[in-house]
Number of protein chains: 2
Amino acid sequence: MRAARRGLADRETVFGLAETFKVLSDPTRLTIVLALQRSELCVLDIASLLGVSESAVSHQMRLLKALRLVKHRKEGKMVFYSLDDEHIEDLIRVAQRHVGERR
Amino acid sequence: MRAARRGLADRETVFGLAETFKVLSDPTRLTIVLALQRSELCVLDIASLLGVSESAVSHQMRLLKALRLVKHRKEGKMVFYSLDDEHIEDLIRVAQRHVGERR
DNA sequence: CTTATAACTGAACGATTGCTCAGTTGTTTG
DNA sequence: CAAACAACTGAGCAATCGTTCAGTTATAAG
């Protein structure tokens, strides 16, 4: 691997990492993930909990689903979402430590 | 705290967390941070290492400096940057584990 | 079948982002 | 001093982002 020899991580790794950080960089998405840490929720639950439109939530869930951060379970006309990745919780924990220790 | 009782983290915490993730969500900035993990570097070093303009690097360094991710040391006309936050390295490590374990 | 409800979707919008360009500041060298 | 060099800066631009809006699909109830 040429890139590694020059001291740089290869593009694919960097883009994958950046993408992971990006999902969590939007307050709405991050709040959704934080809420799902506590319990499984349907779209309308999330919308009313965050005070945003049901459409906005739906758009974000599609993204979170595409990046495999959440999984869904259908029950009648409702769709329940829950977290699908235990690393994400670690990530949030470490970041919380970081934010906590700066003024 | 009313928000916490309703099961949501307060706005300030969420925005702080999101901001942290956001800095690392851009491939250019992330590559800079990864490079600085290995050694202290000046602006032109970073620019040539990443293959981007010196101006672009300068703009990003200002941001990284404002968020206290890097510190700088002046030596003649050159400015050497280095990491100023050990939590960031933990964060990257955890994220790497996440990226590594998905297909 | 019709109505109501939950979720999804594409288009369009304003806001933000990261870059380039041109020019400035500060330091060193001749 | 002037010239060269490293870094910084603001304005402007294209691209991306997150939302709203209007409409669709799917399921359930009357």
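Only this structure's heavy atoms are used, side chains among them; waters, hydrogens and symmetry mates stay out. Naming convention: chains lettered A, B, ... in sequence-line order (proteins, then strands); numbering from 1 in each chain.
Side-chain proximity of B:Val79 to the nucleotides D:dA7, D:dC21, D:dG18 is greatest for D:dA7. If you check C:dA7, D:dT19, D:dA7 against the side chain of A:Ala56, the one that comes closest is D:dT19. Of the candidates D:dA22, C:dA7, D:dT19, the closest approach to any side-chain atom of A:Gln60 belongs to D:dT19. Taking only side-chain atoms of A:Arg62, from C-beta outward, the nucleotide of C:dG10, D:dA6, D:dT9 with the closest atom is C:dG10. When the nucleotides C:dC8, D:dT9, C:dA6 are ranked by their closest atom to the side chain of A:Glu54, C:dC8 comes out on top. Here the side chain of B:Met78 is nearest to one of D:dA7, C:dC19, C:dT20, namely D:dA7.
Checked by atom type and distance alone, the side chain of A:Ser58 never pairs as donor or acceptor with a backbone atom of A:Ser55 at under 3.5 Å. No side-chain donor-acceptor contact under 3.5 Å links A:Arg29 to the backbone of A:Leu63. Side chain of A:Ser39 to main chain of A:Ala35: no donor-acceptor pair is present (N/O by atom type, distance under 3.5 Å, no hydrogens or angles).
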Just the atom pairs and distances: protein N or O near nucleotides 26-28 of chain C's N or O, under 3.5 Å.
none

Sub-3.5 Å pairs of nitrogen or oxygen atoms, protein against nucleotides 11-14 of chain D:
none

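Regarding B:Arg29, its CZ atom lies at a distance of 16 Å from the P atom of C:dT16, rounded to whole Å. With rounding to whole Å, A:Ile46 atom CD1 is found 13 Å from D:dT19 atom P. One interatomic measurement links the two molecules: CG of A:Leu64 to P of D:dG18, which rounds to 10 Å at whole-angstrom precision. The distance from atom CZ of B:Arg73 to atom P of D:dA7 is 12 Å, rounded to the nearest whole Å. C:dA6 atom C1' lies 14 Å from atom CE of A:Met61, rounded to whole Å. A:Phe15 places its CZ atom 13 Å from the P atom of C:dG18, with the value rounded to the nearest Å. Distance B:Leu63 CG to D:dC8 P: 13 Å, rounded to the nearest Å. The CG atom of B:Leu24 sits 12 Å away from the P atom of C:dG18 (whole-angstrom rounding).
Under the side-chain hydrogen bond (donor to acceptor under 3.5 Å, both in side chains) rule, A:Glu40 has a single partner from A:Arg73, A:His72, A:Lys71, which is A:Arg73.
Closest heavy-atom contact between B:Met78 and B:Cys42: SD-SG, 4.1 Å. In terms of heavy atoms, A:Arg93 sits closest to A:Asp90 at NH2-OD1, 2.7 Å.
Using a 4.0 Å heavy-atom criterion, one finds that A:Tyr81 contacts the sugar-phosphate atoms exclusively.
In this model, no side-chain donor or acceptor of A:Ser55 finds a partner on the base of D:dT19 within 3.5 Å.
Using a 4.5 Å heavy-atom threshold, the side chains of B:Gln96 and B:Ile92 count as touching. B:Thr20 has its side chain out of reach of A:Phe21: every pair of non-hydrogen atoms, C-beta onward, lies at least 4.5 Å apart. B:Leu36 places a side-chain heavy atom less than 4.5 Å from the side chain of B:Val70. The shortest side-chain heavy-atom distance between B:Arg11 and A:Thr31 does not fall under the 4.5 Å cut-off.
Considering only side-chain N and O atoms, B:Lys22 lies under 4.0 angstrom from the phosphate OP1 or OP2 of C:dT17. For the pair B:Ser53 and C:dT20, the criterion of a side-chain N or O lying under 4.0 Å from OP1 or OP2 is met.
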